[in-house]
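Below is one structure, written out as C-alpha cells; comments come after it.
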Protein chains: 2
Amino acid sequence: MSKKPLLKPTDSELEILQILWQSGPSTVKAVNEKLNEKKETGYTTTLKLLQIMFEKELVIRNEEERSHVYSAAIEEGDIQKALVDKLLESAFSGSAAKLVMQAIGNSQTSKEELEQIRAYLTEIEKGK
Amino acid sequence: MSKKPLLKPTDSELEILQILWQSGPSTVKAVNEKLNEKKETGYTTTLKLLQIMFEKELVIRNEEERSHVYSAAIEEGDIQKALVDKLLESAFSGSAAKLVMQAIGNSQTSKEELEQIRAYLTEIEKGK
DNA sequence: ACGGTTATACGAAAAGTTTCGTACAAAGAG
DNA sequence: CTCTTTGTACGAAACTTTTCGTATAACCGT
C-alpha cells in the first residue's frame with residue numbers, strides 16, 4: 001500500500017468513471033461522446049473534469065499519443081463499497097437490511113436477480 | 001397532490017433530516033446538539049440550514065413558541081427510495097442485485113438481518 | 001426597568017463543483 | 001510551407017453548498 005487515491009468522486013466525476021469502467025481506456029473525445037448520449041456536455045468541460053480527476057488521482061492517463069488516453073485509477077467495487085457505506089450511514093442508520101429492502105422493494109427487480117441475491121445470501125450465511 | 005416537496009437534500013440537509021426523523025419535532029438547539037455529537041457545528045450554521053430547508057420545504061416549522069419547532073416535511077422512506085434509485089443508476093448500472101451484494105457483503109451484517117432479508121425476499125417472490 | 005441570556009434573521013465569505021472561453025501546440029491536407 | 005483541424009492547458013465565471021459574524025428582538029431574573 002503506497003498511494004492513497006481519493007475515494008470521493010463528485011457526481012460528474014462518477015459519471016465519467018462509469019464510462020471508463022464500461023469502455024476501458026478512452027480518449028477525452030470518446031468519453032465526451034458517451035457523456036453526450038445522456039446529456040449535452042461541452043468538450044472542454046469533459047476535458048477539464050478529466051484533468052481535475054487526474055490531479056485527484058481518480059484516473060491515470062497515457063500521454064504518449066497526442067490524444068491522451070485516460071483510465072480509471074480505482075476499482076469500481078471500491079467506489080461502490082464506499083458509496084454504499086456512505087448511504088448506509090447517512091440514510092439508513094447503518095441497517096443493511098433496510099437498504100436492501102428498499103432496493104429490491106421499489107425497483108422492479110427481476111426474478112433472476114432475486115434468485116441471485118438469495119444464492120448470495122445462502123453463501124454468506126454459510127460462512128457465519 | 002398539491003405541493004411538491006423538493007426531494008433532493010444535500011448531505012448536510014440529510015444529516016438534519018435524519019435527526020428530525022429520529023427525534024421528532026425539535027428546536028434548533030436540540031438539532032444542533034445532536035449534530036454536535038457527531039461533528040462540531042456552530043449554532044447559527046444549523047439555524048441557517050434549517051431556514052434554507054424550510055424555504056425548500058424539506059421541513060415545516062411551528063412558530064408559535066419563540067423557539068421554533070422544526071419537523072421533517074417528507075417521509076424518510078421517500079428520501080431513501082430516491083437515494084437508492086440514484087445510487088442504483090449512478091453506480092450500479094441499475095442492477096439491484098449488485099447493490100444488494102455490496103451492501104450485505106461488505107458491512108458485517110448480522111445473522112438476524114440476513115434472515116430478515118431472506119424473509120422479505122420470499123415475500124417479494126411470492127408476488128411475482 | 002435594565003442587563004444578561006437566548007432566539008431568529010440575514011448577508012456574505014469561504015469552499016466546492018461545473019461549465020466554458022481563449023490561448024496555444026501538434027498534426028495533417030493541399 | 002501555410003492553413004485548417006484537432007488536441008491540451010488553464011483561468012475564470014457561474015453555481016451550489018457550508019459556515020459564520022452581526023444585528024436585532026424576546027424573555028428572564030433581580
Side-chain angles (χ1 to χ4, degrees), chain A residues 5-20 25-71 79 82-83 86-87 90-91, chain B residues 5-20 25-71 79 82-83 86-87 90-91:
Chain A
L6 276 191
L7 222 51
K8 197 192 57 193
T10 66
D11 285 353
S12 298
E13 287 170 349
L14 186 55
E15 284 180 326
I16 287 181
L17 284 173
Q18 196 85 148
I19 289 171
L20 292 177
S26 311
T27 61
V28 176
K29 190 181 172 199
V31 170
N32 186 242
E33 271 160 12
K34 283 268 181 188
L35 223 41
N36 271 278
E37 286 170 14
K38 287 240 159 187
K39 65 169 186 182
E40 171 147 355
T41 312
Y43 177 88
T44 56
T45 300
T46 303
L47 171 64
K48 181 68 167 185
L49 241 334
L50 280 164
Q51 287 170 341
I52 290 171
M53 291 169 77
F54 178 66
E55 277 168 25
K56 289 191 191 175
E57 299 186 69
L58 285 173
V59 298
I60 55 177
R61 71 181 174 194
N62 182 331
E63 307 181 9
E64 279 168 24
E65 297 298 315
R66 184 156 89 99
S67 300
H68 300 173
V69 175
Y70 288 83
S71 316
I79 291 288
L83 292 174
K86 188 185 155 204
L87 183 62
S90 71
Chain B
L6 276 191
L7 222 50
K8 198 191 54 190
T10 67
D11 285 352
S12 298
E13 288 169 350
L14 186 54
E15 284 179 326
I16 287 181
L17 284 174
Q18 196 84 153
I19 288 171
L20 292 177
S26 311
T27 61
V28 177
K29 189 181 174 200
V31 170
N32 185 243
E33 273 161 10
K34 282 268 182 187
L35 222 41
N36 272 278
E37 287 171 13
K38 287 242 161 187
K39 63 168 188 182
E40 171 147 355
T41 312
Y43 177 88
T44 56
T45 300
T46 302
L47 170 64
K48 181 67 167 187
L49 241 332
L50 279 164
Q51 286 170 342
I52 290 171
M53 291 169 77
F54 178 66
E55 276 168 25
K56 289 191 189 174
E57 299 186 69
L58 285 173
V59 298
I60 56 178
R61 70 181 175 195
N62 181 331
E63 308 181 8
E64 279 168 23
E65 298 298 315
R66 183 157 90 98
S67 300
H68 300 173
V69 175
Y70 288 82
S71 317
I79 292 287
L83 292 174
K86 188 185 156 203
L87 183 63
S90 70

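Lettering follows sequence order; numbering is per chain, from 1.
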### Query
Among all residues two or more places apart in sequence or in another chain, which pass the side chain to side chain donor-acceptor pair (under 3.5 Å) test with T46(B)?
N32(B)
#### Entry: Separation of dT8(C) P from E63(B) CD (nearest whole Å)
10 Å
### Task
Among residues two or more places apart or on two chains, list those pairs meeting salt bridge (charged side-chain N to carboxylate O under 4.0 Å, His left out) that have a residue in residues 39-51 of chain A.
E15(A)-K39(A)
### Summary
CG (L50(B)) and CD1 (I16(B)) are apart, to the nearest 0.5 Å, by 4.5 Å
### Task
Please name all residues satisfying side chain to side chain donor-acceptor pair (under 3.5 Å) with E65(B), sequence neighbours left out, ordered by chain then number.
none
#### Entry: Residue list, side-chain contact (heavy atoms from CB on, under 4.5 Å) with A82(B), at least two apart or on another chain
L7(B)
### Message
Please list, in numerical order, the residues of residues 27-45 of chain A that have a heavy atom closer than 4.0 Å to any atom of DNA chain D.
### Response
V28(A), K29(A), Y43(A), T44(A)
Anything under 3.5 Å between a protein N or O and an N or O of nucleotides 12-15 of chain C, put it in a table, one pair a line.
none

### Query
How would you list, by chain and number, every residue that makes a side-chain contact (heavy atoms from CB on, under 4.5 Å) with S67(B), sequence neighbours excluded?
T27(B)
### Task
Not counting sequence neighbours, which residues clear salt bridge (Lys or Arg N to Asp or Glu O under 4.0 Å) with K86(B)? List them please.
D11(A)
### Query
CG of D11(B) versus P of dT17(D): gap in Å, rounded?
10 Å
### Task
From the options dT17(C), dT19(C), dA9(D), select the nucleotide whose nearest atom is closest to the side chain of L47(A).
dA9(D)
### Summary
Sorted by chain and number, sequence neighbours left out, side chain to side chain donor-acceptor pair (under 3.5 Å) with E37(A) holds for none
### Selected nucleotide, minimal atom distance to Q51(B) side chain, candidates dT8(C), dA9(D), dT19(D)
dT8(C)
### Message
Counting only side-chain heavy atoms from C-beta out, which of dT18(D), dA9(C), dT8(D) sits nearest to H68(A)?
### Response
dT8(D)
#### Entry: Contact summary for Y70(A) and L20(A), nearest pair of heavy atoms
O-CD2, 3.6 Å
### Query
Given atom CD of E55(A) and atom C1' of dT8(D), what is their separation to the nearest angstrom?
13 Å
Under 3.5 Å, N/O pairs linking protein and nucleotides 25-30 of chain D:
{"unit_1": "dA26(D)", "atom_1": "N3", "unit_2": "R66(B)", "atom_2": "NH1", "d": "3.4"}

### Message
Below the 4.0 Å mark, does dT18(D) have OP1 or OP2 next to a side-chain nitrogen or oxygen of S12(B)?
### Response
yes
### Task
Mind calculating the distance between CE (M53(B)) and C1' (dT18(D)) to the nearest angstrom?
13 Å
### Query
Can you name the side chain to side chain donor-acceptor pair (under 3.5 Å) partners of Q18(B), sequence neighbours left out?
none
### Set of residues satisfying side-chain contact (heavy atoms from CB on, under 4.5 Å) with respect to E64(A), sequence neighbours excluded
N62(A)
